[in-house]
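Following: one structure in structure tokens, then a few remarks.
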Amino acid sequence: REFMLNKNVSYNFKADVFFPWLLFFTLTSAITVTWCQIGVLKSIESWKFLQSWSMINYLAAGLTFWTILTLLWRIWFACRYRSHAPLPDSTLPTITVVIPAYNEGRQVLDTVRSVMNSQYPIKKMQVICVDDGSQDDTWRWMQTARQEFPLRVMLIRQPYNQGKRRALMAGFAKAKGQVYVTIDSDSEVLPDTLRHLVSPLVSDPRVGAVAGNVRVLNLAEGAIPKMMEVSFTSGFDFIRSGQSVYGGVFCTPGALSAYRADVITPHLPAWIEQTFMGRHATIGEDRALTNLVLGCGFRVVYQRKAVVLTKVPVTYTGLRKMLLRWARSNVRENLVMLSFISRRFRPFDDGSGWVRLFSITQLVRMTMGEAFKFVVIAQLLLAPVHTLFLLTVSCFISACLPALVHQKRYGGWFGWRWAVPYAFYWLFSLCWISLWGLLTASHSGWLTRELPSIAPTSKLPTPLPTTGTSRVLSKAA
């Protein structure tokens, strides 16, 4: 496997130098295209509005063409995706499962139970739970998990809340496995998940990290979880499945991921001390680890059958905070990618060209995509009826792909019922988040781990080692 490692890499997590230029280009683009569009709208009659959009606004037409072309490429890659086959016990590597938790309460016990119920050789699995200075009863639930599985669970308690990145680092420091598996404390895995997750790391020496398939655990708790289920299906079974073909998955999710220990361990000191604009990076730890693996010349792939069910926010406030955190880390790590895509970062394998292409596409979306939001606002003020008509049509069109992906993957009409509402919900309630995330990318607050104002007293259960199986399977059905 050694020949696959890019020995010449000196991984640089610094993206500060690019950030001012990104802001400058976005601002300049926003002013320029908005000014031009206002001039166009003022110089034409209302009935020529649709014609002007396609014939006069050449920049928009060019970006539309590029968007369609990249979409066709993504569809082509997604259709070529194939999962790696699960391996027998004898060939599976030793793994260390790290579960960081903060103010998670009882859920952490359910998470541990689901891991212990895995169809993975017991002697090859180490489980470490890290309490990151929780203010609730999370530590007591971890102790209950250790009582149920006394020889299989290691507990670490941080003296105070230091962030998920340092909680993971505390677990990595005690890890003995050949593969590090990270699972969020609000997530539960299926019995065959871990086997599917780590198999690519054995069957393909080019693979350095694997992304699991994230689905929604609390699906019955309202409209937002249902909409996020459709969004997740599109993000994993379409976007990541296509990226997996050329080994360029951009983000291994915190809910479930696996990494080669010998690839990431040498770079963990740089990862833990990563800063952005003079501040320690306490968010985006999963995306940063993904960049680390890609920058070392290894592939990052997606395993569709490595399913994890995770809790998502059920309120608008919780959802916007989660998406804002993702948007900020997305800005940072897209800039970090510039530190290695400009060189020959994958010298012993192919697929680097596609990583470069879609990385540049991401940067264009972060600049021109945000700039055109100002154009839409200008059009709403000058031609509201026509603009609202176009936006309505756009919502229906944008909902088609996620709906089709969900229908093809799971059947039924669930995807159609919730993809369309989510398109309108995003347009009128969430579209500002990516722009605000760009402008405030230097902020590192986690945002979604506050202690509830009134915490109910939890009653610790009698140990039930077999509970996890039926509970997880019922929620996956």
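FYI, side chains are in, hydrogens and waters are out, and symmetry mates aren't considered; it's all heavy atoms of this structure.
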So does [X] pair up with [Y], basic N to acidic O under 4.0 Å?
| X | Y | value |
| --- | --- | --- |
| E229 | K226 | no |
| D184 | K164 | yes |
| R166 | D132 | no |
| R206 | D204 | yes |
| K123 | D89 | no |

Hey, does the side chain of [X] reach the backbone of [Y] with a donor-acceptor pair shorter than 3.5 angstrom?
| X | Y | result |
| --- | --- | --- |
| T138 | E104 | yes |
| S257 | T182 | no |
| R157 | V130 | no |
| T96 | G177 | yes |
| R113 | E148 | no |
| R328 | S442 | no |
| S444 | H280 | yes |
| R344 | P347 | yes |
| S244 | R240 | no |
| D110 | E188 | no |

Angle between ring planes, Y302 versus Y81, binned at 30° and 60°: parallel, tilted or perpendicular? tilted
[X] vs [Y] side-chain heavy atoms within contact, under 4.5 Å:
| X | Y | value |
| --- | --- | --- |
| F77 | Q243 | no |
| Q274 | R332 | no |
| D286 | N291 | no |
| V115 | V189 | yes |
| I99 | V97 | yes |
| T265 | Y180 | yes |
| T367 | L22 | yes |
| F298 | V207 | no |

Can you tell me how far the [atom1] atom of [X] sits from the [atom2] atom of [Y], to the nearest 0.5 Å?
| X | Y | atom1 | atom2 | result |
| --- | --- | --- | --- | --- |
| H267 | L289 | NE2 | CG | 11.0 Å |
| L309 | S187 | CG | OG | 8.5 Å |
| L292 | W271 | CG | CH2 | 9.5 Å |
| L338 | E333 | CG | CD | 11.0 Å |
| M154 | I128 | CE | CD1 | 5.0 Å |
| R356 | F340 | CZ | CZ | 9.5 Å |

Would you say [X] has more than 12 foreign heavy atoms packed within less than 6.0 Å of its [atom1]?
| X | atom1 | result |
| --- | --- | --- |
| K305 | NZ | no |
| W73 | CH2 | yes |
| Y425 | OH | yes |
| R365 | CZ | no |

Is a donor from one side chain sitting under 3.5 angstrom from an acceptor on the other, for [X] and [Y]?
| X | Y | answer |
| --- | --- | --- |
| S203 | H84 | yes |
| S199 | Q303 | no |
| Y102 | Q135 | yes |
| R215 | T310 | no |
| D137 | W141 | yes |
| T252 | T290 | yes |
| S114 | N117 | no |
| N334 | R287 | yes |

Apply side chain to side chain contact (heavy atoms under 4.5 Å, CB included) to E221 and V314, showing your working. CA-CA 7 Å; E221 295 184 11; V314 297; 3.4 Å; yes
Tell me if the centroids of the rings in F250 and F358 come within less than 6.0 Å of each other. no
Between [X] and [Y], what is the shortest heavy-atom contact and its length?
| X | Y | result |
| --- | --- | --- |
| S118 | L194 | OG-CD1, 3.5 Å |
| T94 | K176 | OG1-O, 4.4 Å |
| I283 | S329 | CD1-N, 4.2 Å |
| V230 | A419 | CG1-CB, 3.9 Å |
| V331 | A441 | CG1-CB, 3.8 Å |
| R346 | G297 | CG-O, 3.5 Å |

Taking it one step at a time, do V198 and V181 satisfy side chain to side chain contact (heavy atoms under 4.5 Å, CB included)? CA-CA 8 Å; V198 303; V181 175; 4.2 Å; yes
Please report the C-alpha distance between I183 and V98 in whole Å, then the side-chain angles of each, then the deciding distance to 0.1 Å, and finally whether the side chain to side chain contact (heavy atoms under 4.5 Å, CB included) criterion is met. CA-CA 6 Å; I183 301 177; V98 180; over 6 Å; no
List in chain and number order the residues that pass side chain to side chain contact (heavy atoms under 4.5 Å, CB included) with Q119, two or more places apart in sequence or in another chain; answer none if no residue qualifies. P191, D192
Before you tell me yes or no, could you show the steps for L155 and Q143 under side chain to side chain contact (heavy atoms under 4.5 Å, CB included), namely the whole-Å CA-CA distance, both residues' side-chain angles and the distance that decides it to 0.1 Å? CA-CA 8 Å; L155 301 186; Q143 291 176 315; 4.1 Å; yes
side-chain hydrogen bond (donor to acceptor under 3.5 Å, both in side chains) between E370 and S434, worked out: CA-CA 8 Å; E370 302 307 323; S434 56; 2.8 Å; yes
Does the cation-pi check pass for R417 over F414, that is, NZ or CZ under 6.0 Å from the six-membered ring centre and within 45° of its axis? no
